Engineer: 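One structure, pasted below without further comment.
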Amino acid sequence: MSEKKIYRCETQGTRVDEFLRDKIPALVGKTDGLNSKIRRLIVAGEVRVNGKQIRRPAYTLNRGDRVEFALDAGKFFAEKEVNDIAFELTEKDVLFEDDVIIVVNKPAFFPTESTFQESRDNLQAAVIRYLWAKNPSLRNPPYVGIMHRLDRETSGVILFSKSRSVNKALHDMFENHTVHKVYRAVCADPYAADSRFRKNIGKENAFPPPNFQVDNFLARISKKSDRAKWGAVKEADGGLWAHTDFRVALRRKLVKSAEELLSGGGIDALGIDAMPKTGRTHQIRVHLAGLGLPILGDTLYGGTPWTRIMLHALSLIFPHPVTGEMMSVNAPLPPDFI
């Protein structure tokens, strides 16, 4: 059963997720693996500040703010069983590294960070193991800070800090959207599904056009007890602004296996590059599904069942947190992508 908890913030300028990280361990008797759970608690709308629903983990509290949330310890610890891959980070997976940051190519079916299921591996832990193996003389595990996240089934570029000294610069970079992200999504081609569209290929009224964008407000639309699902919600009702630019990269037949290719099977697909200007939960997935272009494998949003959710973080372009030099780091497309 959920219990309502109410606290007063005693320190000016504390982030709400940091505030909860200070309070929740005493309530659940655990300190490990809290980050992702606290973030989900906030994004799900379970936290209120001065009576107002807050969905942004980086929301800054003022001294005296009244913070309240409902916590069911049993559900908070609950973790669905998943079939994660076994993964060890090697040099070929490292896209860039220097003294303060490391950028790696995340595989699909591998969580970014720890959960309450202690035996479950994750990418942050894999990066720590990799760095410690490079410098085994260290008495304690090397520091690895999470700056942003990719969903478990999403592959591609992800950045970690190696020094707390650059965390503020990196946090501000993501918070202020000065990072340019490019994702490759694969969707079923609407021209293949309905021959009425085929006559419009290459014409001005073709759908989707070569370049398009979605600009709206998003929030969770599913019940608290159901699988988390986001959708368009008015700002007045708690929706957060979300903007994504898109471009059609190519059209091609996509197959799951060599046998399917030889048999002439597969699906006519679109490779669509997505450039999100904001970082809302499931943003690209929701924006494409709202246009009738759900990502292959994304059955939550109406996509055709596939080997996985076909979304890959293709590149990150960002100013280096120390030198200010513009960095462009790219992760090659997996072999099953177009």
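Everything numeric here is computed off the predicted structure, so don't read it as measured data.
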Engineer: Decide if atom CD of Glu10 counts as having more than 12 heavy atoms of other residues, nucleotides or ligands within a radius under 6.0 Å.
Structural biologist: no
Engineer: So which residues get pulled into Ile221's cluster when ILVMFWY side chains under 4.5 Å apart are joined, directly or through others?
Structural biologist: Val233
Engineer: Apply the test side-chain contact (heavy atoms from CB on, under 4.5 Å) to residues Tyr130 and Val104: give CA-CA distance (whole Å), side-chain angles for both, the deciding distance (0.1 Å), then the verdict.
Structural biologist: CA-CA 11 Å; Tyr130 170 80; Val104 305; over 6 Å; no
Engineer: Through direct or indirect side-chain contacts below 4.5 angstrom among Ile, Leu, Val, Met, Phe, Trp and Tyr, which residues connect to Trp132?
Structural biologist: Leu138
Engineer: Just wondering, do Phe246 and Ile284 contact through their side chains at under 4.5 Å, heavy atoms?
Structural biologist: yes
Engineer: Tell me every residue that passes ring pair (Phe, Tyr, Trp, His ring centres under 6.0 Å) with Phe160, counting only those two or more places apart in sequence or in another chain.
Structural biologist: none
Engineer: Run the side-chain contact (heavy atoms from CB on, under 4.5 Å) check on Met310 and Leu254 step by step: do they pass?
Structural biologist: CA-CA 11 Å; Met310 297 293 281; Leu254 188 67; 4.1 Å; yes
Engineer: Give me the atom names and distance for the closest heavy-atom approach of Ser161 to Val166.
Structural biologist: CB-CG2, 4.0 Å
Engineer: Is Glu175 atom CD crowded by more than 12 heavy atoms from other residues, nucleotides or ligands, each under 6.0 Å away?
Structural biologist: yes
Engineer: Looking at every non-hydrogen atom in both residues, tell me the closest pair between Ile146 and Glu113 and how far apart they are.
Structural biologist: CD1-CB, 3.3 Å
Engineer: Taking only distance into account, with no hydrogens and no angle test, what donor-acceptor pairs under 3.5 Å do side-chain atoms of residues 328-337 form with protein atoms, sequence neighbours excluded?
Structural biologist:
none

Engineer: Working to the nearest 0.5 angstrom, can you tell me the gap between Leu296 CG and Thr307 OG1?
Structural biologist: 8.5 Å
Engineer: Distance-only, no hydrogens or angles: does the Asp65 side chain make a donor-acceptor pair with backbone N or O of Asn62 under 3.5 Å?
Structural biologist: yes
Engineer: Could you name each residue pair satisfying side chain to side chain donor-acceptor pair (under 3.5 Å) that touches residues 308-321, not counting sequence neighbours?
Structural biologist: Asp98-His320, Ser155-Arg308, Ser155-His312
Engineer: Can you run down the salt bridge (charged side-chain N to carboxylate O under 4.0 Å, His left out) pairs that involve residues 283-307, sequence neighbours left out, and say none if there aren't any?
Structural biologist: Asp151-Arg285, Arg285-Asp298
Engineer: Check whether more than 12 heavy atoms from other residues, nucleotides or ligands sit under 6.0 Å from atom NZ of Lys52, and answer yes or no.
Structural biologist: no
Engineer: Quick check: do Leu131 and Tyr143 have side-chain heavy atoms less than 4.5 Å from each other?
Structural biologist: no
Engineer: Applying ring pair (Phe, Tyr, Trp, His ring centres under 6.0 Å), name anything that partners Tyr183, two or more places apart in sequence or on another chain.
Structural biologist: none
Engineer: Would you say Pro57 and Leu20 make side-chain contact, with heavy atoms under 4.5 Å?
Structural biologist: no
Engineer: Before accepting this row, confirm whether a basic side-chain N of the pair Asp245/Lys277 lies closer than 4.0 Å to the acidic partner's carboxylate O.
Structural biologist: yes
Engineer: So with a 6.0 Å cut-off around CG of Asn176, is the heavy-atom count from everything else above 12?
Structural biologist: yes
Engineer: Looking only at side chains, do Thr244 and Gln213 share a donor and an acceptor under 3.5 Å apart?
Structural biologist: no
Engineer: So, for Met173 and Pro319, which heavy atoms are closest and what is the spacing to 0.1 Å?
Structural biologist: SD-O, 3.6 Å
Engineer: Kindly give the heavy-atom pair with the smallest separation between Val186 and Ala269, and that separation in Å.
Structural biologist: CG1-CB, 3.9 Å
Engineer: Looking at Asp121 and Arg129, does any basic side-chain N land under 4.0 Å from a carboxylate oxygen?
Structural biologist: yes
Engineer: Share the residues that join Ile317 in a hydrophobic cluster, the rule being Ile, Leu, Val, Met, Phe, Trp or Tyr side chains under 4.5 Å apart at the heavy-atom level.
Structural biologist: Met326
Engineer: Are Lys253 and Asp268 ion-paired here, with the side-chain N under 4.0 Å from a carboxylate O?
Structural biologist: yes
Engineer: Okay, side chain of Lys106, backbone of Phe110: is any donor-acceptor separation there less than 3.5 Å?
Structural biologist: yes
Engineer: Supply the members, apart from Trp241, of the Ile/Leu/Val/Met/Phe/Trp/Tyr cluster built from side-chain contacts under 4.5 Å; use none for a lone residue.
Structural biologist: Phe217
Engineer: For Tyr301, give me all partners under ring pair (Phe, Tyr, Trp, His ring centres under 6.0 Å), at least two apart in sequence or on another chain.
Structural biologist: His282
Engineer: Do side-chain atoms of Asp93 reach the backbone of Thr90 as a donor and acceptor pair under 3.5 angstrom?
Structural biologist: yes
Engineer: With sequence neighbours excluded, tell me which residues meet ring pair (Phe, Tyr, Trp, His ring centres under 6.0 Å) with Phe109.
Structural biologist: none
Engineer: Where the side chain of Glu68 meets the backbone of Tyr7, is there a donor-acceptor pair that is under 3.5 Å apart?
Structural biologist: no
Engineer: Between Arg15 and His171, do the side chains contain a donor N or O and an acceptor N or O under 3.5 Å apart?
Structural biologist: yes
Engineer: On a heavy-atom basis, which atom in Arg21 and which in Ile38 lie closest, and how many Å separate them?
Structural biologist: CG-CD1, 3.3 Å
Engineer: Grab the two heavy atoms, one from Pro305 and one from Lys256, that are nearest each other, plus how far apart they are.
Structural biologist: O-NZ, 4.0 Å
Engineer: Residues in side chain to side chain donor-acceptor pair (under 3.5 Å) with Ser165, at least two apart?
Structural biologist: Ser163
Engineer: Can you tell whether the side chains of Asp84 and Arg152 come within less than 4.0 Å, N to carboxylate O?
Structural biologist: yes
Engineer: Kindly determine whether Arg8 and Arg66 satisfy side-chain contact (heavy atoms from CB on, under 4.5 Å), including the steps that lead there.
Structural biologist: CA-CA 5 Å; Arg8 290 283 182 181; Arg66 183 175 185 268; 3.4 Å; yes
